[in-house]
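Taking it in order: structure first as structure tokens, then the write-up.
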Amino acid sequence: MARGLVKRNEDYSRWYSDVIREAELAEHAPVKGCMIIRPYGFAIWEAIQRALDDMIKETGHVNAYFPLMIPESLLKKEAEHVEGFSPECAVITHGGGRKLEEPLYVRPTSEAIICSTYAKWMSSWRDLPILINQWANVVRWEMRTRLFLRTTEFLWQEGHTAHETEKEAVEEVLRMLEVYRRLSEEWLAMPVITGVKSRSETFAGAINTYAIEAMMQDRRALQAGTSHFLGQNFARAYDMQFQGRGGALEYAWSTSWGVSTRLIGGLIMCHSDDQGLVLPPKLAPHQAVIVPIYRTDDDRAALLEAANGIAAEARALGVRIKVDDRDHLKPGAKFFEWEKKGVPVRMEIGPRDLESKQVVLVRRDLGKAGKEFAPMEGLAARLPGIFAEMQQALFDQALANRRDHTIDIDSFDGMREVLNGDLAFVNACWCGSEKCEALVKKETTATIRVIPDSGENNEGVCVVCGEAATRKPVWARAY
RNA sequence: CGGGGCGUAGCUCAGCCUGGAAGAGCGCCUGGUUUGGGUCCAGGAGGCCGGAGGUUCAAAUCCUCUCGCCCCGACCA
């Protein structure tokens, strides 16, 4: 079995760390809660960035960059916002060898600095909308951290937009929620439920927070992205005013939305297995690897020539492929290594294969059972199709896992049993009171993950208090 | 912040109880051997035993203090 990896059913938490270590995605830094993202892990992040950045631009946004440090006074202008964040802020008190007159906050998010800048940029309704995104790092002093899922410093993108009307802003929030859904489902092969958060889970200072919520293999939920409708709250706090079409001064309607390196944690817990990482082909740094198997130098030369030929052909078709020509490792060692790193397709080629003009092809998600002899003729051209099938298979598998573990429940007892037991996504009606929500959390540690936007069959009675309910949230234990 | 665990070779750790020449496995370097699922053999490099103080003829080991990290609970993307 995979050396150095515990099995998922033995200790899921340790398995998760093992996968990251063995795949060389990241490691702990000397600073508590911080991580070093290693080149292989960062390559995955770069692939996510490329895909998302394209979508962000296709939807009319541009990138910019705002400072890491925010003056305390600026952050404190939006009371609810600062209250939500101040306990987890890192504060810089000294610089240049002396105490600063005003402390600087390391951004936990950039609403304060960006909104106050937008205020200067808008004078007329013609200046709107402002549609800007930034790729940045942020710091939140979390009590408990886990690689990728929750680190003190993390990488993300944060979009910040300002609009003339409420309608436009709401449309923007939902548009970006949809972008996140597509990123997650089409690129990470990670199915998500979209919807709005309950009040207690709403971003500090926002009117509404929308989210994409995914189920991990252990049936816990992961909030994978959020899109916030900020109303005019930040406009009032940071003076984002413009002269409207009628000539009067109006407050802008703003939004913000973000996804982070947490997505990589989701990716791991959605698809990987007891052998290690499993990557969806669309995001894999290497989509395929060719391992030559030889005895003699002559064999080696001939095989490498054949392998490089296949690789060149594949690259011409846009496939990210690697020929593992390292001479000091046996083939078996290479198999294990690429397996742990989640490379979608492995091709083995030895003298016998060369003779019969074929390779042994193994899809990562199917394992040894899925080994096939593939003719070299037309092999490169087949790869994109194989990747597409695997991409779909990963999504289908994750979706099936969610369907198999989603339950409609109408009694609090039933809810307690599931959420304190094997875990699942529980669909259960809710009256909307924070008291009922808090009681569920107290007795099960589960929370409302999202109130789905599909409006069907939501009439009922609250699973906790029995009062009339019009909402049917997804309840689950979350990361 | 509470509870638990751990700091010794690049990594994983043994040694500590009962003080007396710093070890193993893996990895790394050299040479040979091997190559269709983690080759084998020989040789080699590599250490302020987390830090400070104390006890002692003598401390990785005992005592005090300290710093840090990991895991489990209360907060969060």
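- Listed by chain and residue number, His81(A), Phe85(A), His228(A) satisfy the ring-ring contact (aromatic ring centres under 6.0 Å, His included) test with Phe203(A) (two or more places apart in sequence, or in another chain).
- Take Glu186(A) and apply the salt bridge (Lys or Arg N to Asp or Glu O under 4.0 Å) test, not counting sequence neighbours, and it matches Arg182(A).
- Listed by chain and number, the residues in a side-chain hydrogen bond (donor to acceptor under 3.5 Å, both in side chains) with Glu88(A) amount to none (sequence neighbours excluded).
- Remark: C40(B) base-pairs with G32(B); criterion is Watson-Crick or G-U wobble with both hydrogen-bond distances under 3.5 Å.
- Scanning for salt bridge (Lys or Arg N to Asp or Glu O under 4.0 Å) contacts around Glu171(A) gives Lys167(A), with sequence neighbours left out.
- Glu417(A) meets the salt bridge (Lys or Arg N to Asp or Glu O under 4.0 Å) test with no other residue; sequence neighbours excluded.
- Distance from the side chain of Glu339(A) is smallest for G37(B) among the nucleotides G38(B), C72(B), G37(B).
- In this structure Val360(A) satisfies the side chain to side chain contact (heavy atoms under 4.5 Å, CB included) test together with Glu348(A), Asp353(A), Val362(A), Lys371(A), Phe373(A), sequence neighbours excluded.
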Encode nucleotides 2-11 of chain B as B, S and - characters from 5' to 3', where the letter depends on protein heavy atoms closer than 4.0 Å: B to the base, S only to sugar-phosphate, - to neither. ----------
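- Residues meeting the salt bridge (Lys or Arg N to Asp or Glu O under 4.0 Å) test with Arg175(A), sequence neighbours left out: Glu172(A).
- Contacts between residues 290-305 of chain A and RNA chain B, defined by a heavy-atom separation below 4.0 Å, involve Ile293(A), Tyr294(A), Arg295(A), listed by number.
- Both thresholds, 5.5 Å between centres and 30° between ring planes, are not jointly met by Phe335(A) relative to the base of G37(B), so the two rings are not stacked.
- With sequence neighbours excluded, the residues that form a side chain to side chain contact (heavy atoms under 4.5 Å, CB included) with Val91(A) are Thr93(A), Pro103(A), Tyr105(A).
- For His163(A), the ring-ring contact (aromatic ring centres under 6.0 Å, His included) test picks out no residue, with sequence neighbours left out.
- If you check residues 178-188 of chain A against RNA chain B, you find no residue with a heavy atom closer than 4.0 Å.
- Position along RNA chain B of the nearest nucleotide to Gly350(A) versus Ala478(A) favours Gly350(A) as the more 5'-ward residue.
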